[in-house]
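In what follows, every heavy atom counts, from backbone to side chain, and hydrogens, waters and symmetry copies are set aside.
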Amino acid sequence: MGMTSRRFFCLLVVLSFFSKSIAAEKIHIHFISGAREYKSEECLKAFIPWLENRYSVKSTVSWGHDGIKSLDNLDQINDADVLFVFTRRMDLPEAQMNLIRAHWERGKAIVGVRTASHAFQSSDNELFDRKVMGGNYQGHFGGEPVRVINVAKDHPVLKNVGNIPTSNRLYKAGSLAKTATVLQQGDIGKAKHDVSWVNIWKGGRTFYTSLGVPEDFEDADFKRLLVNAIFWTAKKKISVIK
């Protein structure tokens with residue numbers, strides 16, 4: 001092999017190693033979808049490609065629906081850095097719930113949207129909503145217009161996040177966990193409740209927002225909120241694909 005050929009071969013090896021290293025650094029997000037009322041599958045099938053085309057992430061997904069008793073592809077959660085939950089009252093078997101519980105018990109990152117406050121069976125929701133996510137879901141108001149207010153403007157999850165217009169019905173949030181930090185509130189005039197917050201559980205970071213109707217997923221500021229939350233909970237700097 002001549003000098004030029006050897007140099008070319010070495011260059012290929014270096015480039016191959018570099019590309020593999022970059023791929024290895026991608027945040028692995030496992031999405032669980034299952035909220036028919038808010039069209040979680042439709043929203044995530046648009047959001048996930050948008051996310052992967054712009055940021056250094058890779059995704060796996062378990063598609064489901066309200067009340068589903070088993071999910072496909074859930075074992076992918078074992079390798080996930082971030083669990084993204086957009087589900088409503090799933091009735092999963094103990095073996096599958098154990099996979100999900102193991103993720104949060106290891107203090108791994110979680111992002112929850114809208115009905116994630118009542119994502120599973122009642123007994124698991126008590127722990128997941130109140131402790132892991134730091135929330136306190138108490139139902140919702142009617143169809144009054146909601147004004148979303150950023151109250152922790154210096155928090156990294158709200159970086160470059162502007163006003164988010166939404167048609168969400170405002171969720172009633174009781175007292176949050178002492179470890180939670182409120183990021184956004186929703187004001188309907190007669191009442192104001194927490195809308196988005198972050199929490200610490202088992203040393204890991206979690207994020208929850210009660211926003212998440214289909215129109216929200218078309219809003220640039222809402223998508224920026226989710227991107228910030230994904231990277232913040234994963235304890236990574238935002239990495240953009242150039």
Approximate separation, where rounding is to 0.5 Å, of [X] [atom1] and [Y] [atom2]:
{"X": "L226", "Y": "L51", "atom1": "CG", "atom2": "CG", "result": "9.0 Å"}
{"X": "L71", "Y": "Q96", "atom1": "CG", "atom2": "CD", "result": "5.0 Å"}
{"X": "M90", "Y": "M97", "atom1": "CE", "atom2": "CE", "result": "10.5 Å"}
{"X": "D81", "Y": "F231", "atom1": "CG", "atom2": "CZ", "result": "10.5 Å"}

Would the number of heavy atoms belonging to other residues, nucleotides or ligands and lying under 6.0 Å from [atom1] of [X] be above 12?
{"X": "D154", "atom1": "CG", "value": "no"}
{"X": "R147", "atom1": "CZ", "value": "no"}
{"X": "N53", "atom1": "CG", "value": "yes"}

With a 4.5 Å cut-off on side-chain heavy atoms, are [Y] and [X] touching?
{"X": "D216", "Y": "V113", "value": "no"}
{"X": "L183", "Y": "F207", "value": "yes"}
{"X": "F31", "Y": "L83", "value": "no"}
{"X": "C43", "Y": "Y38", "value": "no"}
{"X": "K202", "Y": "R106", "value": "no"}
{"X": "L99", "Y": "N78", "value": "yes"}
{"X": "Y171", "Y": "D194", "value": "no"}
{"X": "V195", "Y": "L211", "value": "yes"}

[X] and [Y]: which non-hydrogen atoms are nearest, and at how many Å?
{"X": "I241", "Y": "Y55", "answer": "CD1-O, 3.2 Å"}
{"X": "T87", "Y": "A119", "answer": "OG1-CB, 3.0 Å"}
{"X": "W197", "Y": "M133", "answer": "NE1-O, 2.9 Å"}
{"X": "S40", "Y": "G34", "answer": "OG-N, 3.2 Å"}
{"X": "A116", "Y": "G112", "answer": "CB-CA, 3.7 Å"}
{"X": "D221", "Y": "N163", "answer": "OD2-O, 3.6 Å"}

In plain terms, say whether [X] and [Y] are close enough for a salt bridge, that is, a side-chain N and a carboxylate O under 4.0 Å apart.
{"X": "E37", "Y": "R169", "result": "yes"}
{"X": "R89", "Y": "D66", "result": "no"}
{"X": "D124", "Y": "R101", "result": "yes"}

Can you tell me how the ring of F120 sits relative to the ring of F128, calling it parallel under 30°, perpendicular over 60° and tilted otherwise?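 Rings of F120 and F128: perpendicular, as their planes differ by over 60°.
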
Parallel, tilted or perpendicular, as decided by the 30° and 60° cut-offs, for the rings of F47 and F217: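 Judged by the thresholds at 30° and 60°, the geometry between F217 and F47 is perpendicular.
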
Check for a donor-acceptor pair, side chain of N150 on one end and backbone N or O of V161 on the other, with a separation under 3.5 Å. yes

Main chain of A80, side chain of K108: is a donor-acceptor contact present, judged purely on distance under 3.5 Å?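 It does hold such a pair.
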
Is the NZ or CZ atom of [X] positioned over [Y]'s six-membered ring, under 6.0 angstrom from the centre and within 45° of the axis?
{"X": "K223", "Y": "W50", "result": "yes"}
{"X": "K45", "Y": "W63", "result": "yes"}
{"X": "R114", "Y": "Y208", "result": "no"}

Yes or no on side chain to side chain donor-acceptor pair (under 3.5 Å) for N73 and S62, after CA distance, side-chain angles and deciding distance? CA-CA 6 Å; N73 208 34; S62 293; 5.0 Å; no

Would you check, one step at a time, whether the test side-chain contact (heavy atoms from CB on, under 4.5 Å) holds for E144 with K190? CA-CA 10 Å; E144 301 92 339; K190 66 181 182 181; 2.8 Å; yes

Is there a donor-acceptor contact under 3.5 Å linking the side chains of S175 and N136? no

What I want to check is whether the side chains of Q185 and D187 have a donor and an acceptor closer together than 3.5 Å. no

Report the C-alpha distance between H193 and F141 in whole Å, list the side-chain angles of each, state the deciding distance to 0.1 Å, and finish with yes or no for ring-ring contact (aromatic ring centres under 6.0 Å, His included). CA-CA 10 Å; H193 282 256; F141 291 94; 5.3 Å; yes

Does the pair H103 and I100 meet the rule for a side-chain contact (heavy atoms from CB on, under 4.5 Å), with working shown? CA-CA 5 Å; H103 182 93; I100 297 170; 5.7 Å; no

The single option from T166, L170, T209, N168 passing side chain to side chain contact (heavy atoms under 4.5 Å, CB included) against V148: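 Considering T166, L170, T209, N168, a side chain to side chain contact (heavy atoms under 4.5 Å, CB included) with V148 is found only for T166.
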
side-chain contact (heavy atoms from CB on, under 4.5 Å) evaluation trace for L176 with V182: CA-CA 9 Å; L176 303 185; V182 177; 3.6 Å; yes

Is there a path of hydrophobic side-chain contacts, each under 4.5 Å between heavy atoms of I, L, V, M, F, W or Y residues, that connects I230 with I200? no

S59 pairs by side chain to side chain donor-acceptor pair (under 3.5 Å) with which of H28, Q76, E52? E52

Take I164 and F222 through the test side-chain contact (heavy atoms from CB on, under 4.5 Å) and record every step on the way to the result. CA-CA 6 Å; I164 300 175; F222 179 70; 4.2 Å; yes

